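All of these numbers come straight from a predicted model, not from anything done at the bench. Starting from 1, each residue takes its place in the sequence as its number.
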Amino acid sequence: IKSIITKIKDSGVRHIQLSGGEPLERFEDLLGIVRFSSPGTDIWILTSGYGLSAEKAMKLKKAGLTGADISLDHWEAEGHNRSRNNTDAFFWVREAVKNCCEAGLVTSLSLCAFRSFVSPYNLEKYADLAREWNVGFIRLLEPRQAGRFAGMDIELEPEQISLLESFYQDANLSDRYLTYPVVTYPGYNQRRSGCF
């Protein structure tokens with residue numbers, strides 16, 4: 001991993017995201033990779049938040065971590081827990097967000113917007129929760145036929161994509177959202193500019 005990161009940095013990349021599985025499962029290795037990678041580079045983790053205690057958040061900050069992108073599938077605890085098939089999943093997201101914010105890490109919520117979720121009401125409630133939790137960003141992702149969803153009919157309908165695009169534009173341009181987190185939506189830009 002260190003060899004790969006060296007090659008990436010040598011090519012001029014200054015933003016690296018560490019994912020998994022769950023990167024927190026190998027915490028000591030993660031700390032070592034963050035320490036190695038962080039000088040001159042923004043280092044983020046993509047995580048479910050499981051086990052991201054205040055102590056771990058502070059250790060990651062001291063090692064040089066820039067931020068944490070924490071997956072949250074629904075603004076309601078029951079919806080997220082059901083999506084993750086774990087009755088404590090929402091609790092861990094909330095704890096991870098709180099601990100990262102207190103440690104001074106930039107914090108983002110990552111929403112994979114499934115068909116059953118995409119509605120004006122759910123997007124508004126999600127944004128409200130993100131603002132209440134004081135995160136810096138919301139990242140909108142579209143479901144793909146990969147991993148546990150391979151071969152499943154999960155891709156969004158055109159009207160749902162249109163709704164996400166409208167929300168993305170409003171959230172970033174409307175005065176109504178001035179106190180809300182910035183919304184990023186790779187799918188919006190990829191449809192117009194190509195793969196990022």
Side-chain angles (χ1 to χ4, degrees), residues 15-24 42-54 56-57 60-61 65-144 147 149 156 160-161 163-174 176-190 196:
H15 179 98
I16 298 173
Q17 299 180 8
L18 303 172
S19 186
E22 174 54 65
L24 294 170
D42 288 339
I43 303 294
W44 284 67
I45 57 170
L46 282 63
T47 177
S48 68
Y50 179 75
L52 187 45
S53 65
K56 286 182 178 178
L60 286 164
K61 175 66 175 178
L65 189 72
T66 304
D69 192 16
I70 304 165
S71 297
L72 180 65
D73 300 330
H74 205 290
W75 58 271
E76 284 185 313
E78 298 80 19
H80 181 69
N81 291 344
R82 187 171 45 254
S83 173
R84 296 294 166 140
N85 198 28
N86 183 315
T87 57
D88 295 325
F90 188 88
F91 166 80
W92 280 111
V93 171
R94 177 64 189 113
E95 286 298 299
V97 167
K98 178 180 65 108
N99 294 334
C100 287
C101 288
E102 288 176 0
L105 293 166
V106 181
T107 309
S108 173
L109 289 177
S110 186
L111 168 65
C112 187
F114 288 94
R115 288 178 188 161
S116 59
F117 182 87
V118 179
S119 72
Y121 180 77
N122 280 336
L123 292 167
E124 189 71 27
K125 294 296 280 184
Y126 196 97
D128 289 342
L129 181 72
R131 180 178 68 164
E132 178 186 326
W133 285 3
N134 201 32
V135 301
F137 300 92
I138 297 169
R139 183 170 70 161
L140 296 177
L141 300 174
E142 297 172 19
R144 295 282 182 245
F149 301 110
L156 299 177
Q160 293 172 313
I161 291 172
L163 178 59
L164 287 180
E165 290 186 350
S166 292
F167 173 74
Y168 164 69
Q169 291 173 324
D170 289 346
N172 289 313
L173 300 174
S174 168
R176 183 224 181 293
Y177 290 99
L178 285 176
T179 62
Y180 282 75
V182 171
V183 175
T184 65
Y185 182 17
Y188 177 90
N189 297 299
Q190 287 170 348
F196 288 173

**Q** So do L60 and I45 actually touch side chain to side chain, heavy atoms under 4.5 Å?
**A** yes
**Q** So S108 and I138, do their side chains get closer than 4.5 Å, heavy atoms only?
**A**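 No - every pair of side-chain heavy atoms lies 4.5 Å or more apart.
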**Q** Roughly how far, to the nearest 0.5 Å, is NZ of K98 from OG1 of T107?
**A**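 Taking OG1 in T107 and NZ in K98, the distance rounds to 12.5 Å.
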**Q** For residues Y50 and N86, is any side-chain donor paired with an opposing acceptor at under 3.5 Å?
**A** no
**Q** Can you see whether N122 engages W75 through a side-chain donor-acceptor pair at a distance of less than 3.5 angstrom?
**A** yes
**Q** In terms of relative ring orientation, are F114 and F149 parallel, tilted or perpendicular, with 30° and 60° separating the classes?
**A**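 Geometry flag for F149 against F114: tilted rings.
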**Q** For a 4.5 angstrom cut-off between non-hydrogen side-chain atoms, does Y126 reach L109?
**A**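 A side-chain contact under 4.5 Å exists here.
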**Q** Would you say L24 and L52 make side-chain contact, with heavy atoms under 4.5 Å?
**A**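 Yes, side chains in contact.
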**Q** Quick one, F137 with S110, criterion side chain to side chain contact (heavy atoms under 4.5 Å, CB included). Give me CA distance, side-chain angles, the key distance, then yes/no.
**A** CA-CA 8 Å; F137 300 92; S110 186; over 6 Å; no
**Q** Starting from the C-alpha separation in whole Å, work towards a yes-or-no answer on side chain to side chain contact (heavy atoms under 4.5 Å, CB included) for T184 and L140.
**A** CA-CA 6 Å; T184 65; L140 296 177; over 6 Å; no
**Q** Looking at side-chain heavy atoms only, is the closest gap between L156 and V118 below 4.5 Å?
**A** yes
**Q** Roughly how far, to the nearest 0.5 Å, is the CD atom of Q17 from the CG atom of D69?
**A** 6.5 Å
**Q** Looking at K61 and G104, would you say the former's side chain and the latter's main chain have a donor-acceptor pair under 3.5 Å?
**A** yes
**Q** So which heavy atom on P143 is nearest to which on A113, and how close?
**A**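 Minimum heavy-atom separation between P143 and A113: CD-O, 3.2 Å.
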**Q** Shortest non-hydrogen contact from S48 to V93?
**A** O-CG2, 3.5 Å
**Q** Using side-chain heavy atoms (C-beta onward) and a distance below 4.5 Å, is L72 in contact with F90?
**A** yes
**Q** Does a donor on one side chain sit under 3.5 Å from an acceptor on the other, for E95 and S53?
**A** no
**Q** With side chains defined as the heavy atoms from C-beta onward, is the minimum distance between H80 and R82 less than 4.5 Å?
**A**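 Contact flag for H80/R82 side chains = no.
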**Q** If you measure from CG on L105 to CH2 on W44, what distance do you get to the nearest 0.5 Å?
**A** 9.0 Å
**Q** Got a sec, which residues hit salt bridge (Lys or Arg N to Asp or Glu O under 4.0 Å) with R84, two or more places apart in sequence or on another chain?
**A** D73
**Q** Mind checking whether F167 and Y177 have parallel, tilted or perpendicular rings, split at 30° and 60°?
**A**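 Ring orientation of F167 relative to Y177: perpendicular.
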**Q** For a side chain to side chain contact (heavy atoms under 4.5 Å, CB included) check, start with the C-alpha distance between L46 and L18, then their side-chain angles and the critical distance, and finish with the verdict.
**A** CA-CA 6 Å; L46 282 63; L18 303 172; over 6 Å; no
**Q** What distance separates R139 CZ from L141 CG, expressed to the nearest 0.5 Å?
**A** 4.5 Å
**Q** Between L111 and Y185, does the side chain to side chain contact (heavy atoms under 4.5 Å, CB included) criterion hold? Intermediate values first, please.
**A** CA-CA 10 Å; L111 168 65; Y185 182 17; over 6 Å; no
**Q** Could you tell me the separation between the CD atom of E165 and the OH atom of Y188, rounded to the nearest 0.5 Å?
**A** 6.0 Å
**Q** To the nearest 0.5 Å, what is the distance between CG (N172) and OG (S174)?
**A**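 Spacing of CG (N172) from OG (S174) equals 10.0 Å.
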**Q** Considering all heavy atoms of both residues, which atom of Q160 and which atom of R115 are nearest to each other, and what is their separation?
**A** NE2-O, 3.1 Å
**Q** Contact between N134 and E132 at the side-chain level, heavy atoms closer than 4.5 Å - yes or no?
**A** no
**Q** Any side-chain to backbone donor/acceptor pair from D42 onto H15? Under 3.5 Å, distance only.
**A** no
